[in-house]
Structures are given as structure tokens and as C-alpha cells.
Amino acid sequence: MYFRRFAATIRHLVALMFITIAGLAHADSQVNAPEFTLTTLDETRQISLSEYRGKVIYLDFWASWCGPCRKSLPLLNELRNELKDRGFEVLALNVDETREEGLRFLAEYPVDYPTLFDDQATAATYQLRGMPTAYLIDHEGKLHSQHVGFNPKDMTSIRSEVLSLLKAAEADQ
């Protein structure tokens, strides 16, 4: 048990080191998004980031206590439903202490996209700087940009970035 936890910590620290060196905040870094496999919040299945290769991903870290998340999740759900047929997906990683906290939040603010439970290891790997924090990942699995915090006005620029990445993905096909 201790060795597995220690090995997982070392893996995450190494990934964190590469992310830090590469500078997550800019698209020119061309760094692969760190891989993860997590269980859905409702514990019905496991999902890996690699399953979504070929799609543009908005990787959203959120928590039930996060005020801006009450606005971001429903707006991201609208964007996802509008663009899912073009190859866009939102993956939401809940960082609450318990699954129940996240499930209560989703009962009040339901979404159609996958919601996963993070044991804080993935959040540490991605170096969260605030809540919510999201990463836009292109169809090749490369980190494109980081979004810290949320204001409903942000949706215009997020939508524009997503559309730009979707056009690039369509051009590559």
C-alpha cells in the first residue's frame, strides 16, 4: 500500500516537473496533457484522458464549494451540447473531499458531460492555481491553454478558442 502511494506520488511529481518546465499557460509549448484514469463521480465507470484523443477537450477542475462553478458548469454544458457533434467534449474533475459533496452539487446543477472524482493527485499534476481551473486540450492531446477562475463573460473567448481548435482538427482529417 505505502509503495503504491509512493510510486504514484513520484509519477505525479515527475509529470509536474515536466509541466512546470514546459510552461502550461501557452499553446506554443506543445506539451502533451498528462494522462489520467479516474472513476466517474457516480462510480459507474473509469475514464482515461486518452479515450478522448481526436477530440478537443475542456478539462475542468471544480468543487461543490466553488461559487463560480455554479455558473461555469451549466454554461459549459450548453457549449458542449452545441459542439459535441463536431468533436468537442468537457471532462469535469471534481476535487471535493467526498464524492457525496460533488453528487449533491450535480443534483442541483446537472450536466451531460462526464464528471470524474479526483483524489487530488491529478489536480496536483496539473498545478491548479485557483478554482475553477480548466485546460483546453487539442485533438492531438496537446495542452493549448489554461483558464483560472470563471466569469460568464469568459464564455465568448472560450467558445472562440474551442472553435479554432475544432477547425484545426477538421483540417487535419
Side-chain angles (χ1 to χ4, degrees), residues 1-20 22 24-25 31-66 68-70 72-77 79-81 83-84 87-150 158 162 165:
M1 168 85 170
Y2 176 77
F3 179 75
R4 278 188 286 163
R5 204 163 180 79
F6 177 74
T9 301
I10 294 299
R11 282 194 308 273
H12 291 292
L13 287 173
V14 169
L16 184 62
M17 179 182 71
F18 284 116
I19 291 171
T20 301
L24 263 180
V31 173
N32 285 328
E35 176 60 29
F36 60 82
T37 299
L38 296 170
T39 305
T40 54
L41 201 54
D42 63 7
E43 299 184 86
T44 58
R45 70 183 184 126
Q46 285 196 324
I47 293 178
S48 297
L49 179 61
S50 59
E51 292 175 41
Y52 292 89
R53 181 65 54 91
K55 292 182 181 257
V56 172
I57 305 296
Y58 191 86
L59 184 64
D60 187 42
F61 289 87
W62 66 280
S64 62
W65 48 263
C66 166
C69 296
R70 297 176 191 282
S72 67
L73 270 69
L75 292 174
L76 290 169
N77 196 54
L79 183 65
R80 182 264 187 180
N81 288 340
L83 300 174
K84 69 179 179 177
F88 175 63
E89 186 59 88
V90 174
L91 294 178
L93 279 65
N94 176 260
V95 296
D96 281 315
E97 288 189 24
T98 67
R99 291 175 185 277
E100 291 72 27
E101 292 168 308
L103 289 169
R104 276 194 301 273
F105 181 95
L106 289 178
E108 197 172 337
Y109 303 94
V111 296
D112 301 317
Y113 50 78
T115 56
L116 311 170
F117 185 70
D118 183 29
D119 61 2
Q120 305 298 322
T122 307
T125 300
Y126 277 83
Q127 289 187 300
L128 300 192
R129 297 183 183 166
M131 193 58 61
T133 295
Y135 299 89
L136 196 52
I137 302 169
D138 72 14
H139 67 287
E140 295 177 333
K142 306 282 187 199
L143 291 166
H144 175 73
S145 61
Q146 177 185 40
H147 300 268
V148 180
F150 183 82
I158 291 169
V162 168
L165 291 176

Inset, instruction - Taking the side chain as every heavy atom from C-beta outward, state whether L91 and Y52 have any pair of such atoms under 4.5 Å apart. - result: yes
Inset, instruction - Would you give the length of the straight line joining atom CG of D118 to atom CG of L41, rounded to the nearest 0.5 angstrom? - result: 11.0 Å
Inset, instruction - Work out which heavy atom in A107 is nearest to a heavy atom in P110; give both atom names and the distance. - result: O-CD, 4.2 Å
Legend entry - Qualifying residues under side chain to side chain contact (heavy atoms under 4.5 Å, CB included), relative to T37, sequence neighbours excluded: E35, Q46, S48
Legend entry - Spacing of OG1 belonging to T115 relative to CG belonging to L73, to within rounding of 0.5 Å: 8.5 Å
Inset, instruction - Identify the two heavy atoms, one from P132 and one from C66, that lie closest to each other, and give their separation to 0.1 Å. - result: CD-SG, 3.5 Å
Legend entry - Test item: Y126 and L93 side chains (from C-beta on) under 4.5 Å apart, heavy atoms: no
Inset, instruction - Could you tell me whether the side chain of R129 and the main chain of G149 form a donor-acceptor pair under 3.5 Å? - result: no
Inset, instruction - Return the set of residues passing side chain to side chain contact (heavy atoms under 4.5 Å, CB included) with E97 (not counting sequence neighbours), or none when no residue passes. - result: E101
Legend entry - Nearest-0.5 Å distance that lies between atom CG in L59 and atom NE2 in H147: 11.5 Å
Inset, instruction - Mind checking the CG-CD spacing from L165 to E140? Nearest 0.5 Å is all I need. - result: 10.5 Å
Inset, instruction - State, yes or no, whether a side-chain contact exists between T39 and R99 at a heavy-atom distance under 4.5 Å. - result: yes
Legend entry - Gap between atom CZ of F61 and atom CG of L116 - 0.5 Å precision: 9.5 Å
Inset, instruction - Return the minimal non-hydrogen interatomic distance between T98 and F117, and the atom names on each side. - result: C-CE1, 3.6 Å
Legend entry - side-chain contact (heavy atoms from CB on, under 4.5 Å) assessment of I158 paired with F150: CA-CA 11 Å; I158 291 169; F150 183 82; 4.3 Å; yes
Legend entry - Heavy-atom donor-acceptor pair, Y109 side chain to S64 backbone, under 3.5 Å: no
Inset, instruction - Mind telling me whether F105 and W62 have parallel, tilted or perpendicular rings, with 30° and 60° as the class edges? - result: tilted
Inset, instruction - Of all the heavy-atom pairs spanning A63 and D96, show the shortest one and how long it is. - result: CB-OD1, 3.7 Å
Legend entry - Distance (rounded to the nearest 0.5 Å) between I137 CD1 and L143 CG: 5.5 Å
Inset, instruction - Could you walk me through whether K84 and E89 pass salt bridge (Lys or Arg N to Asp or Glu O under 4.0 Å), step by step? - result: CA-CA 6 Å; K84 69 179 179 177; E89 186 59 88; over 6 Å; no
Inset, instruction - Return the minimal non-hydrogen interatomic distance between N32 and K142, and the atom names on each side. - result: OD1-NZ, 3.0 Å
Legend entry - Donor-acceptor contact below 3.5 Å, side chain Y135 vs main chain A33: no
Legend entry - Shortest non-hydrogen separation from N94 to G102 and the atoms involved: ND2-CA, 3.8 Å
Inset, instruction - List the steps and the verdict of side-chain contact (heavy atoms from CB on, under 4.5 Å) for R80 and V111. - result: CA-CA 10 Å; R80 182 264 187 180; V111 296; over 6 Å; no
Inset, instruction - Taking N77 for its side chain and D112 for its backbone only, find out whether a donor-acceptor pair lies under 3.5 Å. - result: yes
